2 protein chains.
Amino acid sequence: MLIQHLPMLSTKRIVLASASPRRAYILKSVGLQAEVISSTFDENLDKTMFVNPGDYAAETATHKAIEVSRRAIQAEDGSRADLIIGADTVVELDGKILEKPSDEEEAFRMLSTLRGRQHKVFTGVSLVFPFAAEPKIGQLPLVHSFWEETKVEFASFDDAVIRAYVATGEPMDKAGAYGIQGIGGTLVKSITGCFFNVMGFPIHRFSVELDNLVRLGALSH
Amino acid sequence: MLIQHLPMLSTKRIVLASASPRRAYILKSVGLQAEVISSTFDENLDKTMFVNPGDYAAETATHKAIEVSRRAIQAEDGSRADLIIGADTVVELDGKILEKPSDEEEAFRMLSTLRGRQHKVFTGVSLVFPFAAEPKIGQLPLVHSFWEETKVEFASFDDAVIRAYVATGEPMDKAGAYGIQGIGGTLVKSITGCFFNVMGFPIHRFSVELDNLVRLGALSH
């Protein structure tokens, strides 16, 4: 598990290719110090190309991480990035992918369709090791991506609750127009799966995958 | 829901009868300002008296809140406490209740029995309204308690992981010897139910129950 690698990881330069303060918070809460470099990737992949929302999120995460790794592979002080972490979170309801709402009206509409029912949250994660070779082709970099799904059941509530919630501003920068770790947490009846996946980063799965990759030598350069 | 009552609640004096920084954090994250007054209640109720761990936790929560309300009903500046919130969290596995470990050895033992399986977390909450009358008997105070259950599935891991985790010190002040919001989150594969209930305070259920009580007039004195 991740916990046994923390001393080694503290000597590595880890870059989080995401502007989400929630992802940085989750990494920090388990003892991982990551430098944040936001990706400029447009997040405009053709959704119809993907069998499920998890694959779409993982592919977006890979594009984010690869874009950042091209810029961030070497820091100003000459230190090299050892691991770049990309992530992307989407909400799925009735076969439709919900991302961040573009305005308050769209946030209201998203929350109206989510209330009183269950939806799914997918977070895709991509780990890029710029100095480790991809085993299949023997070339740099090693890219490993995966995704995790969590079911979220919303309570029933009336329009006044949605209006009060939208007025807090919390929904605006979040997939599906809610934040489970804030006031939005009062609207969520139950989840099945990883909570941190809903918040934006599946820390248990990441811990298992990173453990495997470290054992395979992805960081021993 | 709670969100509609936040402006009114911000004018009330709310006391959290718990020393847990996690409970204060959850209340704050949804916009509730609570004053913390730790309870001196011994938490030594006879567990065999209760049909299930939820009832035990709710009763302990009530004792905490009542004990604090006796001391805190009037602040030094003369303001009255409008609501005192008690809470207690326990873990149940194989019909046995796990509370906080008394030392590192007990923490190790608890984590050994939890790994690779599912257990249940119960948080009992008690709301004491010192100036509202209990409807059934017409006398002060109104006391309303409830509990919530969440299933937690731990990953499988070896003794070295447990030793590394115990060495962080995180398990020591937590029921079941882990904190889901910290490094312990990497050990949790999945949950079913309310995440905040595992962290120590079921914020959705609290939101629903407080909404009902406010509508019934518990805070309109």
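Naming: A, B, ... by sequence-line order, numbering from 1 per chain. All values derive from a computational prediction rather than experimental measurement.
Chosen from B:Gly193, B:Gly31, B:Cys194, B:Gly185, the residue pairing most often with chain A at heavy-atom distances under 4.5 Å is B:Gly193. Between chain A and the residues B:Ile26, B:Ile183, B:Val208, B:Leu32, the largest count of heavy-atom pairs under 4.5 Å involves B:Ile183.
Contact between B:Ala160 and A:Gln4 at its shortest, heavy atoms only, is CB-NE2, 3.4 Å. Here the shortest heavy-atom pairing between B:Ala155 and A:Met1 reads CB-CE, 4.2 Å.
Going from atom OG of A:Ser190 over to atom CG of B:Asn197 covers 10.5 Å, rounded to the nearest 0.5 Å. A distance of 11.0 Å separates CE of A:Met199 from CD of B:Gln181, quoted to the nearest 0.5 Å. The distance from the OG1 atom of A:Thr186 to the CG atom of B:Asp211 is 10.0 Å, given to the nearest 0.5 Å. Annotation: the span from B:Thr192 atom OG1 to A:Glu153 atom CD amounts to 11.5 Å, rounded to 0.5 Å.
At a threshold of 4.5 Å between non-hydrogen side-chain atoms, the residues A:Thr168 and B:Ile3 count as touching.
Using a 4.5 Å cut-off between heavy atoms, A:Ile191 touches chain B through backbone and side chain atoms alike. Using a 4.5 Å cut-off between heavy atoms, A:Phe154 makes no contact with chain B at all. Both the backbone and the side chain of A:Tyr165 come within less than 4.5 Å of a heavy atom of chain B. With a threshold of 4.5 angstrom between heavy atoms, A:Ser207 approaches chain B through side-chain atoms but not through N, CA, C or O. Using a 4.5 Å cut-off between heavy atoms, A:Asp158 contacts chain B through its side chain alone, with no backbone atom that close. Both the backbone and the side chain of A:Leu187 come within less than 4.5 Å of a heavy atom of chain B. Using a 4.5 Å cut-off between heavy atoms, A:Val188 touches chain B through its backbone atoms (N, CA, C, O) alone.
In the displayed structure, A:Lys96 atom NZ is contacted under 6.0 Å by at most 12 heavy atoms of other residues, nucleotides or ligands.
Taking the six-membered ring where the residue is Trp, B:Phe195 and A:Phe196 present perpendicular rings, their angle passing 60° and hence far from 30°.
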